[in-house]
There are 4 protein chains.
Amino acid sequence: MSDTQTLPADRPLRAGFHGFASRLIVGTGKYDTFERMAAALDASGCDVVTVAVRRERLVNEAGASLLDHLDLGRYTVLPNTAGCFDADDAVRVARLGRELLDQLDHPGKDWVKLEVLSDKKTLLPDPVGTLRATEQLVADGFAVLVYTSDDPVMANRLKAAGAAAVMPAGSPIGSGQGVLNRNAIAIILEMLKDGDPGYPVIVDAGVGCASDVAVAMELGADGVLLNTAIAHAADPVRMARAMRDATAAGRNSYLAGRIPRRLYATASSPWDGVISYVPGE
Amino acid sequence: MSDTQTLPADRPLRAGFHGFASRLIVGTGKYDTFERMAAALDASGCDVVTVAVRRERLVNEAGASLLDHLDLGRYTVLPNTAGCFDADDAVRVARLGRELLDQLDHPGKDWVKLEVLSDKKTLLPDPVGTLRATEQLVADGFAVLVYTSDDPVMANRLKAAGAAAVMPAGSPIGSGQGVLNRNAIAIILEMLKDGDPGYPVIVDAGVGCASDVAVAMELGADGVLLNTAIAHAADPVRMARAMRDATAAGRNSYLAGRIPRRLYATASSPWDGVISYVPGE
Amino acid sequence: MSDTQTLPADRPLRAGFHGFASRLIVGTGKYDTFERMAAALDASGCDVVTVAVRRERLVNEAGASLLDHLDLGRYTVLPNTAGCFDADDAVRVARLGRELLDQLDHPGKDWVKLEVLSDKKTLLPDPVGTLRATEQLVADGFAVLVYTSDDPVMANRLKAAGAAAVMPAGSPIGSGQGVLNRNAIAIILEMLKDGDPGYPVIVDAGVGCASDVAVAMELGADGVLLNTAIAHAADPVRMARAMRDATAAGRNSYLAGRIPRRLYATASSPWDGVISYVPGE
Amino acid sequence: MSDTQTLPADRPLRAGFHGFASRLIVGTGKYDTFERMAAALDASGCDVVTVAVRRERLVNEAGASLLDHLDLGRYTVLPNTAGCFDADDAVRVARLGRELLDQLDHPGKDWVKLEVLSDKKTLLPDPVGTLRATEQLVADGFAVLVYTSDDPVMANRLKAAGAAAVMPAGSPIGSGQGVLNRNAIAIILEMLKDGDPGYPVIVDAGVGCASDVAVAMELGADGVLLNTAIAHAADPVRMARAMRDATAAGRNSYLAGRIPRRLYATASSPWDGVISYVPGE
């Protein structure tokens, strides 16, 4: 792959107060060793890693901390409120994350990925608690990136409540089902970007493989966040690389303007203006 | 994307007498200018380009030939029999292609992508003519890469007739529908690779966007061949880049071993052996 | 179709204070004439028709009212709050509907199909307003059948708020897309029927054709509500008949216990205990 | 379901020398008892039952024959060549079936459902053997209803060879996957009915549940043939009833002219000419 072609640069992913070259955000949970986590993050090409505040200071039997295994100069940490099942708890955890990152003078101190979950079984977001916590954290000055279902009206209400980015689920966390409802994501994109094309919509949760990421990006999402698909693949590092390339592929496929879908191509008008045409090329 | 990670190298794509690093084969038809074609081929990262023999010597008003615009040291030309609607015509065109490439002492002289089409409207392959032409070209010493439908039994008969690779259609040529029947491609892969895992199966035709390529590769295809999806995208060069990355992404996603699909993830057994677990990470 | 077979009877559809033989609920809007509406309702085999309260007393130039064209002895009217874009308006309209049906001494006076819509363009439900109106109408003594998105957590919250039935959308009203996210409907059914198998879940909105209805019923939904798919079909009366049969077909297909999906059937174990087996039967 | 509406009658299903009210053809294999088979056939409302010639004279331990359990006055038997793996064997079996039905003076003597299978594992049709056997049986004067893949060109070649009906597989026999490639079935219908709208195309194989049948009929197929989906359902008689209703539903849904699919409905033009419109009805 020794191509020499250079494409005009894409605009960065903007979310909160930050801008990033990579449109893939990667989680840090569920790995078997810190070494494998670090290698997978590296292979993913990500600029942002999300860390559950609840676990951040946990140490294993050898006394190792998660943050010891992250290059905090390379990655911007996006603290998240995983493990929170009501708004109050999520707000408290978000504040704790800010405090910890502030002590480290890390740029991730000013944002949070908000999760208010309904139950431990499905891990689906609770819309009522999510909306309330968003309002509180916005009032607190956070840039709130908020995990929600693919319900367009709820997504729009979260934007209206001041969320810095909305993160609809493609499918349930860890389900590996990809984007189950492309129609819903398309409506979210239309609604939230109406008159505000730069507003970030990041598909979060449910991704299982590279094509799932490409599908999300081809719909016009600004980015994708995933964790289990890499961490629990048979070969996490190779899957991380796949996800890096799928993010770029999906983004460029979206920007490049795809051909229409048809029952079959006809040999008529589409070939006007081409150098030559041979049926079946 | 400044990652430093190096993955263990994949085996090359083997087809006919050749081996290639890239698993993406790209067509040369339907471009508006030779310059755009050359730029797209470059961006695609391909090692093999397929050229319709019927058009190869065509010159435009300025006297330019297609081959003048291909770096024949960089790319291996795979001559194809596009535009042939019966076996005899396809055999004659294949021999003409061999002759032309032999005069150029080009390594592409020993293989051919066989197309025997049924009609100009659907451009679907004719199974009867395709099988007969395959038998003749194999007897002629060609490495025959044969375009066919996604019918597994026909694919298996073509392999039995001596085809060097079988190239099932994801959907009709130029339709942009991607892989319409994943079940059929999966059975083809199971049948043709049974006891012969290195036998090449390359998805040819129907691809519309990057995720379509990733899907084909994730099914376990050895490669993908496409033309219209790049040549007729609004921005062919950017789409070529998308296809390059999607091929790599799909291949690595296949090799990496994806997580299973589930209605929803449960917080139970999958988390055994992980450093830590927070619900909703 | 002169079959003589009688199946054990299915339990009735229970919703609110009522029970019905038919599991198909049909709307009354969007018809070109009252006569066609009446014929379509008849052909649909429905027991319940839903009527927008906002329109119920409207008369056309000839002075005809919608209710004049409904056999109020045959059909139970389910008043709905279509056209309401906030909770207060929906509550007021629901009360008005109760009053009107009470004056007619019609059994439909004690229930309501609640719609609180977000906007006139997408007609998607507003979750916040929907939840609030549900709480108020339940407090008012209504049996509330509530239209909502396919977000399982929101559906569960509406049940917890006292809704007599939850009516998730298969896809946006009038879109004709059918059930876009089978996974979401399956989780709703699992959640809402957990320990309460008789709790009614009725798929409402988005249905375009007969197979869409069958899919919804095969997932285990208790019923389907639709309007546009019949009223705007080229032949509404025939489509109504199709929907009647599709509802029965989908219900029986669910109850009968379908065969599993497999890449292909194998000739091995499934044939134990059959009278005889010939491959390919 | 006490509707009084009568629809204009549909034209009968024509195939071979026959015409039938029901568009569902049902197999007779894989049942656990003859009684259940008879009850399921009855509930299915079918007019035609297909019987494997190879098994027709088999008797169980009690000396019972399959034909003893079929009402030969009610059903037209369509003999099939299940269990044949080459053209010669299929031709021989077809002739044997004709002889047996001729002795019974049964109208099914003049037609055959041709299956030439590739292997016992996938039960997929062999295109080469199928085409050859079709030619021979047509020359023998049979009305040949021929099982084939969903490859449109092969389907068209079989029609050209004189087949009385073409029966493309929705998916592999017994797989329960339904119609995997709607695009392919649509092209088959377009090709084979071009200038010959009455030519019968019957989807055969792969059906798992009622919605699968409805989908096939909505595509415009003339009928559906199935066996395993009923015989191996948990409750075959109820599933047979579901399939009867799904066939009628799908047929009427096709004839009635469905609404278009849209991202969402808009409140604008579609409502011209309606009695009244309330958003969200």
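Just the heavy atoms: all of them, side chains too, but no hydrogens, waters or symmetry mates, feed the values below. Numbered from 1 within each chain, the chains take letters A, B, ... in sequence-line order.
Per-residue heavy-atom pair counts under 4.5 Å with chain B were compared for A:Met217, A:Gln177, A:Arg251, and the maximum is reached by A:Gln177. Annotation: maximal heavy-atom pairing with chain B below 4.5 Å, among A:Leu180, A:Thr122, A:Ile230, A:Leu117, occurs at A:Thr122. Among the candidates B:Ala214, B:Pro172, B:Ser253, the residue making the largest number of heavy-atom pairs closer than 4.5 Å to chain A is B:Ser253. Comparing B:Met243, B:Met239, B:Glu115 by how many heavy-atom pairs each has under 4.5 Å with chain A, the most go to B:Met239. Chosen from B:Ala240, B:Gly206, B:Gly27, B:Ala229, the residue pairing most often with chain A at heavy-atom distances under 4.5 Å is B:Ala229. Top candidate by heavy-atom pairs under 4.5 Å with chain A, chosen from B:Ala205, B:Ala246, B:Gly208, is B:Gly208. Looking only at heavy-atom pairs under 4.5 Å with chain B, the residue among A:Asp235, A:Ile259, A:Asp212 that has the most is A:Ile259.
No more than 12 heavy atoms of other residues, nucleotides or ligands lie within 6.0 Å of OH in B:Tyr254, so this atom counts as exposed by the packing criterion.
Residue A:Val116 does not touch chain B at all, counting heavy-atom pairs closer than 4.5 Å. Using a 4.5 Å cut-off between heavy atoms, B:Phe85 touches chain A through its side chain atoms alone. In this structure, the portions of A:Ile173 lying under 4.5 Å from any heavy atom of chain B include both its backbone and its side chain.
A donor-acceptor pair under 3.5 Å links the side-chain atoms of B:Arg258 to the main chain of A:Gly176, judged by distance alone. Checked by atom type and distance alone, the side chain of B:Glu218 pairs as donor or acceptor with a backbone atom of A:Ser211 at under 3.5 Å.
Atom CG of A:Asn252 and atom SG of B:Cys209 lie 13.0 Å apart (nearest 0.5 Å).
The side-chain heavy atoms of B:Leu123 and A:Pro279, taken from C-beta on, include a pair separated by under 4.5 Å. For the pair B:Arg261/A:Ser175, no side-chain contact is recorded, criterion being any heavy-atom separation below 4.5 Å from C-beta on. Contact annotation: the side chain of B:Arg238 approaches that of A:Pro8 to within less than 4.5 Å [non-hydrogen atoms, C-beta and beyond].
When all heavy atoms are compared, the tightest approach of A:Ala210 to B:Gly250 is CB-N, 4.5 Å.
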